[in-house]
Structures are given as C-alpha cells and as structure tokens.
Amino acid sequence: MASSGFSFPKKEKLCSQKVIETLFASGHSFIKYPLRVVFMIQEDQTDTPVKVLVSVSKRRFKRAYKRNLLKRRIREAYRLNKYTLFPLLEKNSVNIAIAFVYLPTEILPFSEIEKTAKATLESLITKLSLE
RNA sequence: AUAGCAAGCUGGUCUAUCGCUGUUAUCUUUUUUGAUGGCAGAGGAAAGUCCGGGCAGCUCAGGACACUGUGCUUCCUAACAGGAAGGUACUCGUGAGGGUAGAGUAGUGUAACAGAAAAUAACCGUCCCGAUUUAUCGGGAUAAGGGUGAAAAGGUGGGGUAAGAGCUCACCGGUAUUCCGGGUAACCGGAGUAGCCGUACACCUUGCAGGCUGCAAGACCAUGUAUAUCACAAUCCCAUUUUAUGGGUAGGGUUGUCCGCUCUGUUUUCUUGUAAAAGUUGUGAGGGGUAGGUCGCUAAAGAUUAUGGGUGACCAUAAUCGAAGAUAAAUGAUAGGCACCGCUGCGUGCGGAACAGGAUCCGGCUUAUAAGCUUGCUAUUUUU
C-alpha cells in the first residue's frame, strides 16, 4: 500500500465481468444528483476493502473525449476523498463494490463533482453503518 | 494597402503537489508481491470505417460463365475507387483559378412537365388547287418565321421555287475518314474527301481488378464445478409382516479423534458360481474446455537530415534515431507563471483559447477544426 493514502492502484478497480453483472442486478442503489451510486457487500474475501467502477453513458455523451474527461474527474474526486470511507470498512472487515454512474447530459466542472462525491461518500457511510 | 486564388505548415509551453500505464535498476519477498529512483507515455485528423494492402484462419486440381467494382492518356505506388503531369468538351469567375463529365459503337429502348410535334414533326403561319355560305370551308405542298422546353432537326448569304427546304453553291462550325507533320499516348496542327449533321440516360458489348472471413483473426496455459472415455476395487449376511421393514457387516461422507448422523451394497442371464453383463459407489488417469491469464502487440512498404535523379507524384544512396501498447481500457486533477487572441483607461485588469482520445498495423480518401505562419500568383486603388 502506498504511503500517502491517496493512491488508486489497479486492484481497487472493479474489473471482473461477473461481479459487475451481479452488482447491477442485485446491488443497492441511490441517487445523489449528478451521480447514481450502486453498491454491494461482497461475500468473497479480497485483498482490498473497496472495488470501484466509474461509468459514463455512451448514449448521453457520444464523443469519446467527453466521456474520458468526466471519468477522470469522477475518479479523481473519489481518489481524493476515499480516506473517509476506508476506516469503517477496515474496522468491520467488510468488502464492498461500488459503481458511480454519471447522470446529466452536460459536462460539470471538477469543483461540483468533488462536492457531490464527498456528499455521496458520507451518505454511503451512514447507509453501511446502519446495516 | 485592401480583397482574393492556389499550394504547404503549426495545432501552446514551464513549475509545484497528489495520482495513472508500461519499462528498467536497486532493495525486499518462499514464487507471487511490495518499496524507492530513472526513462517513456495519443492526433492532424487518433474520427467516419469509404477504398487498398501487410498479417491470420478457412477452403484449395485448372478454367469459363455469372456477380461486384472500375473506366480520357501516360506515369507513381506493395496496392487502390489514391496521387502526379498532360489532354478534350461543357461551365462559373474581371482575373489568379474553380467545378462537372468521360471505354465502345453494330444494335435496342426511354425522355416527366410544357409544347402541334421529343425524331417517319404541320398548331399558328406561308403557298397552290377546288368549292362558295366569299372576314368561310375542303384537299394538298412547305421546316423560312412564332411560342413551349434541359434539348426543336447546323449558321450567314446567293441561287432556286407557287411558297419553301443542304434542294444547290460559297464561306463558317461540327462529325466521320484519308494523307502529312508533332507528341510515349490522350490529342494537336495542316491539306483533302463525304451533305454525313440534335441532346441525355439506360440496356448491350468490352479492357482491367476481385476466393471468403477478420486481431472478438489466430496460437498457447488453465482454477473451480459438472462430465465423455479408460484402469482398479467393492457390490455381503441374517430375520420377518418379502416391489417392504429391521438388525449385522463392509465401504464412503461429516470430524483433529470417538460417538452420532447420513449415503451405497441394485438389476438381468444362465452352465447356480470366488460366474458373466449392465448399473451404482469410491480411487486414479484423462480429453475437450468456461471464468481468468500469456502470446499475437508493435522494428514499421519506419522517422529525420543530407546528396543525387525526375516538370512532378516519387525514387536511389549515405548518416543518425530506435519512438504508447492499455483491456470496464493509462497520459489526469489542482494552483501559479510565460507566450497568443479580444475588450481596455495602454499601468493594469477582465475574458477567451477550436475540432477532438489509440484498441492489429500501415498507405490513402472523406468529414470536423479556434487562431496563426510561409511561398507563388490575380484584381483594384494610392504613392514614388
């Protein structure tokens, strides 16, 4: 693990196709505009507490460079704020998978995305601590 | 100077903090892995997927037809529907220049609307003859004139005629063809011959090219679960209420061990056995192969520079360089400078900065694109 705590290595990314299918089929979801969050507690023991997926719809953004830009902004916002989420999970030794889906049809600046990312993670923490 | 035409080029950059992908060195780790440092990390169109090729698989005796594409000439190229140079017709522009078209003709067909008529043309008109209802009617001749149309039967003049007509003659234009000259050729120039003379499209004929599918191609490794196939072992005993129940016993599962719980010990044939066959259970081997992974994968018809050849596309030689390789898919975020553009009070300040993101790789084409630069040329105006 990196020393800074802000790193985002590849094993924290959600890559398995089967896990993604079950996540979208049976995961819990809520909307904190402009983001829709889908999350699921995983049974299998993995080496990281969280696996994350970022998605921007091809139907809403036809040009690839716009999708890339938004995915980078969301990923960056998550990376800079994920330290709020980790202690709870490590304390309870729970693994979760999260998907962030971008909803609007226009490109929002980084400051707004970061603001909603913080709020999203807070509400995620409260939901998880209830369970 | 302004406006424009053609060809070509550029497509911001630096610092700090945090972070991503690949690679390399050192350290660490049982291999995996992890840490730190170094290096590299999107475009002129990466796009559309419209052509062509490399590469891979499938098929594979050879050929013809069909089908599809293409079509002025010569050249370039690995190849092309691409490019270069040249040439013809029509057309737009004052001009620099731009656009469109194209193989062949022996034959066949079609030509909306308008118009009398769209190729054996007679509506009006003109002329002749006949009739008489004499400001009319009938028969015939005529493509000079009218209007329609994308296109109307070569043009002008003389002769000719009842009036007219390439009917005939001269000149001009076109087409076909013969000869001479130029050009590799398309074609051009000159001289002659033929009254031969509308345009477009399609069919048809013909030269050339094309086997099909695409990196999700294709090659390899392979966990778990289930399983084809093969080998070995087991498939027993007693009682009763006999397609069943109970007990013993053997084996398996559960467990660190025991108990307990649970599963299996079935069917058919006869020569009635330590039998055979099928089935079931267990153990081992094992093929194909899902998730996943590795290769394919980036050194290439390569880039830059110089010299030489060519009008040019391009080619040859030499030197130097070695240049992304991801896979729910890396090159980002934040802050601040510099440079650029606009507004401006010319100190500063504020705002802007296009089109757009690799996915097997190359050569083209097409489309999108802020701002800027270079070279050559054109028109107009002014000054010297």
Side-chain angles (χ1 to χ4, degrees):
Chain A
M1 187 58 82
S3 56
S4 63
F6 290 112
S7 68
F8 187 48
K10 189 166 179 181
K11 58 184 183 179
E12 287 186 24
K13 293 174 190 170
L14 183 53
C15 298
S16 166
Q17 199 164 341
K18 294 173 86 172
V19 174
I20 292 164
E21 280 175 13
T22 52
L23 172 63
F24 279 104
S26 59
H28 307 275
S29 88
F30 62 94
I31 291 178
K32 199 93 176 177
Y33 196 83
L35 289 175
R36 175 165 172 264
V37 180
V38 184
F39 70 97
M40 181 180 73
I41 295 176
Q42 279 188 287
E43 310 298 329
D44 310 330
Q45 290 295 314
T46 49
D47 45 1
T48 53
V50 185
K51 280 188 180 291
V52 174
L53 163 77
V54 174
S55 171
V56 178
S57 170
K58 200 171 190 175
R59 202 179 307 155
R60 293 195 171 85
F61 295 95
K62 210 172 180 183
R63 298 294 177 193
Y65 82 102
K66 293 179 182 171
R67 293 199 300 272
N68 277 348
L69 179 66
L70 286 169
K71 281 158 89 172
R72 281 167 182 160
R73 281 180 178 168
I74 294 168
R75 198 170 59 216
E76 197 69 12
Y78 166 75
R79 182 178 71 80
L80 293 172
N81 294 289
K82 68 173 184 176
Y83 62 90
T84 56
L85 181 63
F86 268 53
L88 175 72
L89 299 171
E90 282 171 356
K91 196 172 70 186
N92 298 323
S93 65
V94 180
N95 295 338
I96 59 169
I98 315 178
F100 295 98
V101 182
Y102 189 77
L103 291 174
T105 51
E106 70 274 8
I107 297 174
L108 295 178
F110 177 76
S111 52
E112 287 194 33
I113 290 176
E114 191 178 22
K115 208 165 62 188
T116 51
K118 279 180 183 171
T120 302
L121 286 174
E122 280 173 18
S123 55
L124 189 63
I125 287 166
T126 55
K127 278 175 192 291
L128 283 172
S129 51
L130 284 177
E131 290 190 4

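Residue numbers begin at 1 in each chain, while the letters A, B, ... track the order of the sequences.
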Exercise. Atom CG of A:Leu69 and atom CZ of A:Phe61: how far apart are they, to the nearest 0.5 Å?
Worked result: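 Taking CG in A:Leu69 and CZ in A:Phe61, the distance rounds to 9.0 Å.
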Specify the glycosidic conformation (syn or anti) of [N], with syn defined as within 90° of 0.
| N | value |
| --- | --- |
| B:G347 | syn |
| B:U272 | anti |
| B:G181 | anti |
| B:A202 | anti |
| B:A42 | syn |

Problem set entry | Considering all heavy atoms, the nearest A:Val56-A:Arg67 contact |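 Smallest interatomic distance, heavy atoms only, reads O-CD, 3.8 Å.
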Exercise. What heavy-atom pair brings A:Ser123 and A:Thr126 nearest, and what distance separates the two atoms?
Worked result: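 For A:Ser123 and A:Thr126, the tightest heavy-atom pair comes out as O-OG1, 2.6 Å.
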Which nucleotide, if any, forms a Watson-Crick or G-U wobble pair with [N], using both distances under 3.5 Å?
| N | answer |
| --- | --- |
| B:G349 | B:C343 |
| B:A176 | B:U193 |
| B:U266 | B:A278 |
| B:U108 | B:A202 |
| B:U317 | B:A306 |
| B:C220 | B:G293 |
| B:G22 | B:C39 |
| B:U367 | none |

Problem set entry | Shared hydrophobic cluster, A:Val54 / A:Phe30 (ILVMFWY, side-chain heavy atoms < 4.5 Å) |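 Yes; A:Phe30 is reachable from A:Val54 via cluster members.
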Please report the distance, rounded to the nearest Å, between [atom1] in [X] and [atom2] in [N].
| X | N | atom1 | atom2 | answer |
| --- | --- | --- | --- | --- |
| A:Arg79 | B:A333 | CZ | P | 12 Å |
| A:Lys71 | B:U331 | NZ | P | 10 Å |
| A:Tyr78 | B:G332 | OH | C1' | 17 Å |
| A:Phe61 | B:A47 | CZ | P | 21 Å |

When you compare [N] with [M], how far apart are their [atom1] atoms, in angstrom units rounded to a whole number?
| N | M | atom1 | result |
| --- | --- | --- | --- |
| B:C373 | B:C341 | C1' | 15 Å |
| B:G166 | B:G198 | P | 14 Å |
| B:G289 | B:G224 | C1' | 13 Å |
| B:G372 | B:U320 | C1' | 32 Å |
| B:A143 | B:A165 | P | 8 Å |
| B:A278 | B:A228 | P | 15 Å |
| B:A231 | B:G286 | C1' | 11 Å |
| B:G376 | B:U15 | C1' | 44 Å |

For this session: Start with the C-alpha distance between A:Thr120 and A:Phe100, add both sets of side-chain angles, then the distance that settles side-chain contact (heavy atoms from CB on, under 4.5 Å), and finish with yes or no.
Result: CA-CA 10 Å; A:Thr120 302; A:Phe100 295 98; 4.0 Å; yes
N/O contacts under 3.5 Å, protein versus nucleotides 357-360 of chain B?
unit_1 : atom_1 : unit_2  : atom_2 : d
B:G357 : OP2    : A:Ala64 : N      : 3.2
B:G357 : OP2    : A:Tyr65 : N      : 3.1
B:G357 : O2'    : A:Asn68 : ND2    : 3.4

For this session: State plainly whether the residues A:Glu76 and A:Arg73 are in salt-bridge range, i.e. N to O under 4.0 Å.
Result: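 Salt bridge flag = no for A:Arg73 with A:Glu76.
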Problem set entry | Sequence-distant partners of A:Arg72, side-chain contact (heavy atoms from CB on, under 4.5 Å), two or more places apart |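 Testing A:Arg72 for side-chain contact (heavy atoms from CB on, under 4.5 Å), a comparison that skips the adjacent residues, returns A:Asn68, A:Arg75.
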Problem set entry | Distance-only donor-acceptor test (3.5 Å): side chain A:Arg75, base B:C20 |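 Under the 3.5 Å cut-off, the side chain and the base do not form any donor-acceptor pair.
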